[in-house]
Amino acid sequence: MRMYYRRPWMGRILAFLIAIPVLAYVGRLVSDWLIPILPLIGAAILVIVFWAVGFRRRY
């Protein structure tokens, strides 16, 4: 007969309660650091794409 290990429900609730402020902190870091840099990243991607399309070898 197999025995299945069941995790206690309090551990899941505790992990959920800890994850909420951690995710909020990570979200704030992303909004503080990544949002101002996004236009530069987008411009770099567009330059690479247009360069690849414009200067690729045509056979």
Side-chain angles (χ1 to χ4, degrees):
M1 184 170 154
R2 290 186 178 174
M3 298 264 314
Y4 293 102
Y5 175 72
R6 292 185 57 191
R7 293 184 181 168
W9 55 274
M10 279 299 278
R12 291 184 182 183
I13 293 175
L14 186 63
F16 182 73
L17 291 176
I18 290 173
I20 291 173
V22 169
L23 288 175
Y25 180 71
V26 169
R28 173 147 185 188
L29 285 179
V30 167
S31 68
D32 287 347
W33 290 96
L34 188 62
I35 298 296
I37 299 174
L38 279 179
L40 295 175
I41 295 172
I45 291 172
L46 284 176
V47 165
I48 291 170
V49 167
F50 286 137
W51 181 81
V53 169
F55 294 107
R56 66 180 179 189
R57 292 184 181 178
R58 294 188 173 101
Y59 294 103

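This is a predicted model, so every value here is computed, not measured.
Applying the side chain to side chain contact (heavy atoms under 4.5 Å, CB included) test to L46 and every residue at least two apart in sequence or in another chain returns F50. Remark: L34 engages V30, L38, I41 in a side chain to side chain contact (heavy atoms under 4.5 Å, CB included) (not counting sequence neighbours).
Scanning both residues, P36 and S31, for their nearest heavy atoms gives CD-O, 3.9 Å.
Placement of L40 and W51 in two distinct hydrophobic clusters is found when ILVMFWY residues are connected by side-chain heavy-atom separations under 4.5 Å, directly or transitively. Hydrophobic cluster membership differs between Y25 and L23, with clusters built from Ile, Leu, Val, Met, Phe, Trp and Tyr side chains linked at under 4.5 angstrom.
Every pair tested for salt bridge (Lys or Arg N to Asp or Glu O under 4.0 Å) that includes a residue from residues 34-47 fails, sequence neighbours excluded, so the list is empty. Sorted by first then second residue, the salt bridge (Lys or Arg N to Asp or Glu O under 4.0 Å) pairs that include residues 22-43, not counting sequence neighbours, are R28-D32. Screening residues 39-54 for salt bridge (Lys or Arg N to Asp or Glu O under 4.0 Å) gives no qualifying pairs among residues at least two apart or on separate chains. Each salt bridge (Lys or Arg N to Asp or Glu O under 4.0 Å) pair with one or both residues in residues 13-23, not counting sequence neighbours, would appear here, but there are none.
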